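All figures in this text were calculated on a predicted structure; none of them were measured in a lab.
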Number of protein chains: 2
Amino acid sequence: MLKVGRLADYGVLILHHLGRMRPARLAMDSIAEITHLPLPTVRKVMKYLVDAELVISKRGPNGGYQLARPPAQVSLAEAIAAVEGPLTLTECCAARSTCEIHDRCDLADRWPGVNAIVVKVLERTSLADLDRFGRHEPHVPPPLRELMAPIRHL
Amino acid sequence: MLKVGRLADYGVLILHHLGRMRPARLAMDSIAEITHLPLPTVRKVMKYLVDAELVISKRGPNGGYQLARPPAQVSLAEAIAAVEGPLTLTECCAARSTCEIHDRCDLADRWPGVNAIVVKVLERTSLADLDRFGRHEPHVPPPLRELMAPIRHL
DNA sequence: AAATTGTATACCTGGTTAGTATTGAATGCG
DNA sequence: CGCATTCAATACTAACCAGGTATACAATTT
Ligand code: SF4
Ligand code: SF4
């Protein structure tokens, strides 16, 4: 578990492809095609990405979407947050916690610390970095190399 | 988002309290009381924790639950996994991916790398470490101190 | 045997997520 | 101008699953 929603996952995938094409524009149809995602779903995701200003849209003939910034300057954290909202491991990590127990819970002020670290990792991983990961011999991208140093043994 | 399920959250909370009491035993009623969780919910969670061998149970009068190991030797990753199963950010991080697109998706072999790093962070944070986190001036526990060194500025 | 305490199973149900359909608005072109 | 192209906005539906509950059972101690 510890899931990232499907739509957010799709968002990252789309951004990845837009990054590969940049600075060219891609129409929604094309995006649906190269990502193998159903077109109506792409529509929904694009709205989030535009609202978050991660992509720039242009209408009319020869319109489409374009990644707003170079892939190296778009973090996974931003991408996920664009679709799913603020990254919060637990309820009490949110700005306004809605947890019933909150004031009586010992951990209410502990989780945010853990959350911060996890988010930090995601903030330090850009779309460009993502390209360098591989399943079997995972390449650790430069921004994370220092972070990983003590645990390189796996 | 990037949520940890509520039940897993409860699991950690329960383990935290068991840790504080160790090596004393705590009956389910008592656990429900000090955690402020509904008793039937506690029942369900305990089953997971016992199955994962994180806690030891004893029946009969003066029975209850006991943390199997010192808090410093129980990681958040274990705790969460005990309740929710393997930690997988996306479908393609699981042992058997069920994602429709998987073989045609550019990122199918990239996510596992990211996943590994996040999991590593959670593996390096123990219940004991958790006690040292605070909301406003979060204390970084020793095992993570090295990891955090480059990003201490927040 | 009786009291205490955990175990197992089965069920319900509300909310969220993923996915779809429809209609509308902006842009560019000839 | 008016038409083709393309994105925007809204509203809806369906499926699923996490969270929560109830009940009956088994083990241990005294
Ligand atoms: S307050 Fe306690 S119970 Fe509520 S979300 Fe935070 S940790 Fe979980
Ligand atoms: S394969 Fe591609 S789409 Fe399927 S889960 Fe992994 S990343 Fe998301």
Side-chain angles (χ1 to χ4, degrees), chain A residues 1-11 13-14 18 24-33 35-66 68 80 83-85 88-91 94 98-101, chain B residues 1-14 18 24-33 35-66 68 80 82-85 88 90-91 98-101:
Chain A
M1 265 289 190
L2 185 83
K3 259 200 200 102
V4 165
R6 212 67 184 270
L7 257 36
D9 174 5
Y10 295 162
L13 178 55
I14 291 172
L18 286 178
R25 260 193 297 276
L26 263 176
M28 242 183 333
D29 320 21
S30 313
I31 294 176
E33 187 179 348
T35 57
H36 304 103
L37 294 172
L39 192 135
T41 299
V42 174
R43 268 214 205 85
K44 179 180 263 182
V45 175
M46 294 321 289
K47 173 178 168 48
Y48 295 133
L49 298 181
V50 169
D51 287 352
E53 296 182 313
L54 288 180
V55 305
I56 298 169
S57 71
K58 189 167 183 202
R59 302 198 229 200
N62 239 311
Y65 296 94
Q66 178 189 4
I80 296 170
V83 178
E84 301 194 325
T88 58
L89 283 172
T90 66
E91 205 52 57
T98 69
C99 177
E100 288 287 336
I101 315 174
Chain B
M1 265 289 186
L2 185 84
K3 254 193 206 111
V4 165
R6 212 67 183 272
L7 259 36
D9 174 6
Y10 295 161
V12 173
L13 178 56
I14 292 171
L18 287 178
R25 259 193 298 276
L26 263 175
M28 238 180 341
D29 321 17
S30 315
I31 294 177
E33 186 179 348
T35 57
H36 305 103
L37 293 173
L39 191 136
T41 298
V42 174
R43 271 218 201 84
K44 179 180 263 184
V45 175
M46 293 323 289
K47 173 178 166 49
Y48 295 133
L49 298 181
V50 169
D51 286 352
E53 296 182 311
L54 289 180
V55 305
I56 297 169
S57 71
K58 188 170 184 198
R59 301 199 231 201
N62 239 310
Y65 296 94
Q66 177 190 6
I80 297 171
V83 178
E84 302 195 323
T88 56
T90 66
E91 205 52 58
T98 69
C99 176
E100 288 286 338
I101 314 174

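With sequence neighbours left out, the salt bridge (Lys or Arg N to Asp or Glu O under 4.0 Å) criterion links A:Asp29 to no other residue. With sequence neighbours left out, the side chain to side chain contact (heavy atoms under 4.5 Å, CB included) criterion links A:Pro61 to no other residue. Not a single side chain to side chain contact (heavy atoms under 4.5 Å, CB included) links A:Arg59 to another residue, sequence neighbours left out. Judged as a side chain to side chain contact (heavy atoms under 4.5 Å, CB included), and not counting sequence neighbours, the contacts of B:Lys58 are B:Arg25. Looking at residues two or more places apart in sequence or on another chain, you find a side chain to side chain contact (heavy atoms under 4.5 Å, CB included) between A:Val50 and A:Val55, A:Ser57, A:Tyr65. In this structure, the side-chain hydrogen bond (donor to acceptor under 3.5 Å, both in side chains) partners of B:Asp51, at least two apart in sequence or on a different chain, are B:Lys47. Every residue was checked against the side-chain hydrogen bond (donor to acceptor under 3.5 Å, both in side chains) condition with A:Glu84, not counting sequence neighbours, and none meets it.
In this structure, the separation between CG on B:Leu37 and CD1 on A:Ile101 is 4.5 Å, given to the nearest 0.5 Å. Here the OG1-OH distance, from B:Thr90 to A:Tyr10, works out to 11.0 Å after rounding to the nearest 0.5 Å. A distance of 10.0 Å separates CD of A:Gln66 from CG of A:Leu26, quoted to the nearest 0.5 Å.
The distance between atom NZ of A:Lys47 and atom C1' of D:dT6, rounded to the nearest whole Å, is 17 Å. At whole-Å resolution of the value, NZ in A:Lys3 and P in D:dG19 are 11 Å apart. Atom P of nucleotide D:dC16 and atom CD of B:Glu91 are separated by 14 Å, given to the nearest angstrom. Remark: C1' of D:dT6 and CG of A:Asn62 are 10 Å apart, rounded to the nearest angstrom.
The nucleotide range of DNA chain C contacted by chain B, defined by atoms under 4.0 angstrom from heavy atoms of the protein and reported 5' to 3', is C:dT4 to C:dT17.
For the OP1/OP2 pair of D:dA8 and a distance below 4.0 Å, the side-chain nitrogens and oxygens of A:Ser57 include at least one atom meeting the criterion.
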Please list, pair by pair, any protein nitrogen or oxygen found under 3.5 Å from a nitrogen or oxygen in nucleotides 20-30 of chain D.
| unit_1 | atom_1 | unit_2 | atom_2 | d |
| --- | --- | --- | --- | --- |
| D:dG20 | N7 | B:Lys44 | NZ | 2.8 |
| D:dG20 | O6 | B:Lys44 | NZ | 2.8 |
| D:dA27 | O4' | B:Arg59 | NH1 | 3.4 |

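Helix-axis bend for the helix from C:dA1-D:dT30 to C:dG30-D:dC1: the local axis fitted to the five terminal pairs at one end deviates from that at the other end by 20°, rounded to 10°.
Nearer to the 5' terminus of DNA chain C, by closest-nucleotide assignment, is the contact made by B:Tyr65 (compared with the other of B:Tyr65 and A:Gly5).
Here the rule is side-chain contact (heavy atoms from CB on, under 4.5 Å) with B:Ile14, and of B:Leu54, B:Ile31, B:Asp9 only B:Ile31 fits it.
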